[in-house]
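In what follows, a single structure is set out as structure tokens and then discussed.
Chain naming here is simple, since letters A, B, ... match the order of the sequence lines and numbering starts at 1 in each. If you're wondering where the values come from, they're calculated on a predicted model, not measured in any experiment.
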There are 2 protein chains.
Amino acid sequence: MSKQELTILGRAADDACCQGLASAPLDEQRAADLAKIFKALGDPVRLRLMSMIASREGGEVCVCELTPAFDLSQPTISHHLKLLRQAGLIDCERRGTWVYYWVLPGVLDRLAGFLAVPHSAKEPV
Amino acid sequence: MSKQELTILGRAADDACCQGLASAPLDEQRAADLAKIFKALGDPVRLRLMSMIASREGGEVCVCELTPAFDLSQPTISHHLKLLRQAGLIDCERRGTWVYYWVLPGVLDRLAGFLAVPHSAKEPV
DNA sequence: GCCCTGAATCGAAAAACGTCAACATAGAGG
DNA sequence: CCTCTATGTTGACGTTTTTCGATTCAGGGC
């Protein structure tokens with residue numbers, strides 16, 4: 001359950017951190033990988049899910065706490081969580097009856113690093 | 001041509017920078033505003049467009065330089081540029097026959113700040 | 001004025017997406 | 001084993017998105 005295409009996209013975000021959006025034109029492959037990540041964040045429900053998970057003390061949230069926060073059916077939430085997982089943003093683990101989700105460490109920081117031009121690159125001092 | 005809904009979404013990203021994704025669960029409104037921005041970046045073509053514009057020495061690119069970089073029709077590129085503009089990420093100006101695009105200053109940094117948890121908030125030291 | 005070039009808009013078709021109801025699966029606890 | 005609860009999966013449907021060709025608009029030059 002916890003291994004999907006995390007590696008690929010994780011790598012994508014990883015590489016991306018070292019060559020930001022504004023440092024050079026993206027090649028098609030990297031653009032495709034990164035677009036998948038941004039697309040995952042490009043939905044209000046998924047953004048809120050991410051926020052609920054990321055802001056959680058302890059880093060983990062049970063699905064049973066996420067679902068009732070929305071006016072959506074349980075399968076829909078499950079579907080959104082799956083997309084976030086396939087984008088390499090979160091992962092999950094079943095523990096008895098419940099499933100817990102957490103944000104993969106470093107992903108958000110790498111993504112932020114990709115967006116923000118490294119200060120040094122901006123101002124050569 | 002240069003004033004669309006830039007203000008609204010620009011504000012959204014602005015507020016967001018002060019209350020990151022991981023600091024507290026996003027309310028519906030902010031989630032919707034921010035999702036629009038991420039959705040704009042959630043397409044390979046638009047990501048490449050953003051990158052081509054952002055990485056440009058001088059900060060400006062003529063559409064006539066962007067269009068031939070893709071295997072897509074001119075109207076399609078024009079449409080993607082419009083979406084990026086409506087998301088508050090770029091702006092443009094006509095100069096004679098040509099139209100030039102640039103990345104709105106600070107937008108990418110604010111977005112990055114929204115994603116990356118402020119270091120201080122992470123480690124209270 | 002007329003035409004030419006660059007870019008945006010319009011209208012339509014195909015593909016992708018978000019959502020649900022129905023069903024399937026995984027554990028816990030009898 | 002049977003049942004109950006918590007999640008994931010499937011199939012379908014309406015909406016949105018992506019893309020194009022055709023058209024329109026804006027300026028420059030004749």
Side-chain angles (χ1 to χ4, degrees), chain A residues 1-6 28 31-33 35-50 52-53 60-87 89-102, chain B residues 1-6 28 31-32 34-50 52-53 60-87 89-102:
Chain A
M1 171 180 267
S2 27
K3 42 181 170 184
Q4 302 238 157
E5 346 175 359
L6 304 182
E28 290 189 45
D33 290 344
K36 204 172 295 181
I37 299 178
F38 284 117
K39 184 178 293 184
L41 294 174
D43 178 276
V45 175
R46 289 195 291 271
L47 247 194
R48 286 181 61 201
L49 283 170
M50 275 298 291
M52 292 177 70
I53 300 173
E60 291 184 342
V61 193
C62 174
V63 176
C64 61
E65 291 184 72
L66 297 173
T67 306
F70 298 83
D71 271 343
L72 294 169
S73 69
Q74 173 267 319
T76 297
I77 300 300
S78 188
H79 173 242
H80 283 304
L81 288 170
K82 184 181 187 179
L83 290 186
L84 287 172
R85 197 149 43 83
Q86 290 179 329
L89 291 169
I90 62 177
D91 200 2
C92 64
E93 181 188 22
R94 172 164 223 128
R95 239 170 271 155
T97 308
W98 297 277
V99 176
Y100 294 84
Y101 279 82
W102 61 87
Chain B
M1 173 178 266
S2 28
K3 43 182 172 185
Q4 302 237 159
E5 346 174 359
L6 304 181
E28 290 189 44
L34 283 159
K36 207 171 294 182
I37 298 178
F38 283 118
K39 183 179 293 185
L41 295 175
D43 178 278
V45 175
R46 288 194 292 271
L47 249 194
R48 287 180 60 201
L49 282 171
M50 276 298 291
M52 292 176 70
I53 300 173
E60 290 184 344
V61 193
C62 174
V63 176
C64 61
E65 291 185 72
L66 297 173
T67 306
F70 298 83
D71 271 343
L72 294 169
S73 68
Q74 174 267 319
T76 298
I77 299 300
S78 188
H79 173 244
H80 283 302
L81 288 170
K82 183 181 186 179
L83 290 186
L84 287 172
R85 197 150 42 86
Q86 288 177 332
L89 291 169
I90 61 177
D91 200 0
C92 63
E93 181 188 21
R94 172 163 224 128
R95 239 170 272 153
T97 309
W98 298 278
V99 176
Y100 293 84
Y101 280 81
W102 61 87

Measure from the side-chain N and O atoms of A/Arg46 to the backbone N and O of B/Ala35, and report whether any donor-acceptor pair falls under 3.5 Å.
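No; zero donor-acceptor contacts below 3.5 Å.
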
With no hydrogens and no angle check, is any side-chain donor or acceptor of A/Thr67 less than 3.5 Å from a backbone partner on A/Val63?
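Pair found, side chain donor or acceptor close to backbone of A/Val63.
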
For A/Gln74 and for A/Asp43, find the nucleotide of DNA chain C with the closest heavy atom, then tell me which residue's nucleotide is more 5'.
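Nearer the 5' end of the strand: A/Asp43.
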
Which residue lies toward the 5' end of DNA chain C, B/Thr97 or A/Leu83, if each is placed at its nearest nucleotide?
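Between the two, 5'-proximity favours B/Thr97.
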
Rounded to the nearest Å, what distance is computed from the [atom1] atom of residue [X] to the [atom2] atom of nucleotide [N]?
X       : N      : atom1 : atom2 : result
B/Asp71 : D/dT18 : CG    : C1'   : 15 Å
B/Leu81 : D/dT18 : CG    : P     : 13 Å
A/His80 : D/dT7  : NE2   : C1'   : 15 Å
B/Ile77 : C/dA7  : CD1   : P     : 12 Å
B/Arg95 : C/dA7  : CZ    : C1'   : 15 Å
A/Arg85 : D/dT7  : CZ    : P     : 14 Å

Considering every strand and a 4.0 Å limit on heavy-atom distances, what is the contact class for A/Leu72: base, sugar-phosphate, or nothing?
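The answer is sugar-phosphate, as A/Leu72 gets under 4.0 Å only of primed atoms, P, OP1 or OP2.
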
Residue met sooner reading DNA chain D from 5', once A/Lys39 and A/Val63 are mapped to nucleotides
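Residue closer to the 5' terminus by nearest nucleotide: A/Val63.
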
Any side-chain N or O of B/Arg94 under 4.0 Å from OP1/OP2 of D/dC25?
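No.
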
Distance test, side-chain N/O of B/Lys82 to OP1/OP2 of C/dA8, below 4.0 Å
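B/Lys82 to C/dA8 OP1/OP2: no side-chain N or O under 4.0 Å.
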
Please tell me which of the listed nucleotides, [options], lies nearest to the side chain of [X]?
X       : options               : result
A/Ser78 : C/dC20, D/dG8, C/dA7  : D/dG8
A/Trp98 : C/dA8, D/dT7, D/dT19  : D/dT7
A/Val99 : D/dT19, D/dG8, C/dG18 : D/dG8
A/Pro75 : D/dT7, C/dC17, C/dA22 : C/dA22

With B/Thr97, which residues qualify under side chain to side chain donor-acceptor pair (under 3.5 Å), at least two apart?
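Here no residue qualifies.
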
Can you tell if the side chain of B/Glu60 reaches within under 4.5 Å of the side chain of B/Trp102, non-hydrogen atoms only?
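Yes, their side chains come closer than 4.5 Å.
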
